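Please read these numbers as outputs of a predicted model, since none were measured by experiment. We're numbering straight along the sequence, starting at 1.
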Amino acid sequence: MIGVLALQGDFREHVAALKAIGARSALVRRPDDLQAVDALIVPGGESTTMWKLATTAEMFEPVRKRIADGMPAFGTCAGMIMLADRITDAAAGQETFGGLPITVRRNAFGRQTESFEEPIAFDGIGELAGVFIRAPWVESVQDGVEVLARVTSGPAIGRIVAVRQGNLLATSFHPELTADRRVHEFFVAMVTDRGSA
């Protein structure tokens, strides 16, 4: 069973994407919900709001612990920020669930009005449409982190926008906002290969 953190952001779109590929999913809003799932998707939204709501809902530490204990997790946009160990331009006191030894820059591609879509070459999947909405990018990765996709044109050329390490996957862009389900299939395969779901 794949959980979708449903405190804030586009969690409904992730549930729809999982349903489209025949994967079982559940909304995760409380610690009890978290215990019932094998993996977790942390959706796009607003990372500081997500951090504050997770803390208020007493979800922050349980999620952090499950990830540290090896639960597979997939973060998109704000979810990438929440899985990163370090943030550049973080809000005052902002914390993350962590787990991925990467540094991300919040809102790296600009404001909402500068949102865009462009083709992304994703290792192991091929070309897909990358939807970027106030998206972060990865400033740096530590050893052991696999870079899966980079920006291929424009002023941000070469910037890292998808990474994986072990059970953790993160994208700057929003695969849940397109009809292409291959990134979700990629994550479900990660979970299944681990013997869960």
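For the pair V104 and T96, the minimum side-chain heavy-atom distance is 4.5 Å or more. Counting heavy atoms from C-beta outward, L128 and T178 have side chains that stay 4.5 Å or more apart. The shortest distance between side-chain heavy atoms of D10 and H174 falls below 4.5 Å. Residues I102 and D85 are not in side-chain contact: their nearest non-hydrogen atoms beyond the backbone lie 4.5 Å or more apart. Residues R164 and M190 have side chains in contact (heavy-atom distance under 4.5 Å, counting atoms from C-beta outward). Using a 4.5 Å heavy-atom cutoff, the side chains of E117 and F132 are not in contact. With contacts defined as side-chain heavy-atom distances shorter than 4.5 Å, the pair Q142/R86 qualifies. V163 is not listed as a side-chain neighbour of T171, based on a closest heavy-atom distance of 4.5 Å or more.
Between the CG atom of D123 and the CZ atom of F186 there is a distance of 8.5 Å, given to the nearest 0.5 Å. Between the CZ atom of R12 and the CG atom of L27 there is a distance of 8.5 Å, given to the nearest 0.5 Å. In this structure, CG on D33 lies 10.5 Å from CG on L40, to the nearest 0.5 angstrom. F122 contributes atom CZ, which lies 4.5 Å from atom CG of L148 (distance to the nearest 0.5 angstrom). Annotation: the span from I81 atom CD1 to E46 atom CD amounts to 8.0 Å, rounded to 0.5 Å. Distance CG/L83 to CD1/I67: 5.0 Å, rounded to 0.5 Å.
The salt bridge (charged side-chain N to carboxylate O under 4.0 Å, His left out) search around K19 returns none, not counting sequence neighbours. Legend: residues meeting salt bridge (charged side-chain N to carboxylate O under 4.0 Å, His left out) with E61, ordered by chain and number and at least two apart, are R64.
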Full working for side chain to side chain contact (heavy atoms under 4.5 Å, CB included) between F173 and C77: CA-CA 6 Å; F173 53 91; C77 197; over 6 Å; no

Residues V63, L34; criterion side chain to side chain contact (heavy atoms under 4.5 Å, CB included); working and verdict: CA-CA 7 Å; V63 172; L34 183 66; 3.9 Å; yes

Step-by-step side-chain hydrogen bond (donor to acceptor under 3.5 Å, both in side chains) determination, H14 to S25: CA-CA 9 Å; H14 280 288; S25 67; over 6 Å; no

Evaluation steps, side chain to side chain contact (heavy atoms under 4.5 Å, CB included), between I120 and V161: CA-CA 9 Å; I120 296 293; V161 293; 4.1 Å; yes

Derivation of the side chain to side chain contact (heavy atoms under 4.5 Å, CB included) call for T49 and L53: CA-CA 6 Å; T49 302; L53 288 173; 3.8 Å; yes

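Smallest separation of non-hydrogen atoms from R181 and A20: NE-CB, 3.9 Å. The two residues P136 and M80 have their closest heavy-atom pair at CG-SD, 4.0 Å. Of all heavy-atom pairs between A23 and V188, the closest is CB-CG2, 4.1 Å. Annotation for M82 and V42: closest pair CB-CG1, 4.1 Å, computed over non-hydrogen atoms. Among all heavy-atom pairs drawn from V191 and P72, the shortest one is CG2-CB, 3.9 Å. The two residues G44 and E176 come nearest to each other via the heavy atoms N-OE2, 4.3 Å.
Using a 4.0 Å cut-off between charged nitrogen and carboxylate oxygen, R30 and D32 do not count as a salt-bridge pair. In this structure, R105 pairs ionically with E139, as a charged nitrogen and a carboxylate oxygen lie closer than 4.0 Å.
Proximity of a side-chain donor or acceptor of D38 to a complementary backbone N or O of I2 within less than 3.5 Å is not detected. Without hydrogens or angle criteria, R159 side chain to V151 main chain gives no donor-acceptor distance under 3.5 Å. Between the side chain of R150 and the backbone N or O of V147, no donor-acceptor pair lies under 3.5 Å. Although no hydrogens or angles enter the test, the distance criterion places no donor-acceptor pair under 3.5 Å between the side chain of R29 and the main chain of M59.
Each ring pair (Phe, Tyr, Trp, His ring centres under 6.0 Å) pair with one or both residues in residues 71-106, not counting sequence neighbours, appears once here: F60-F97, F74-H184, F74-F187.
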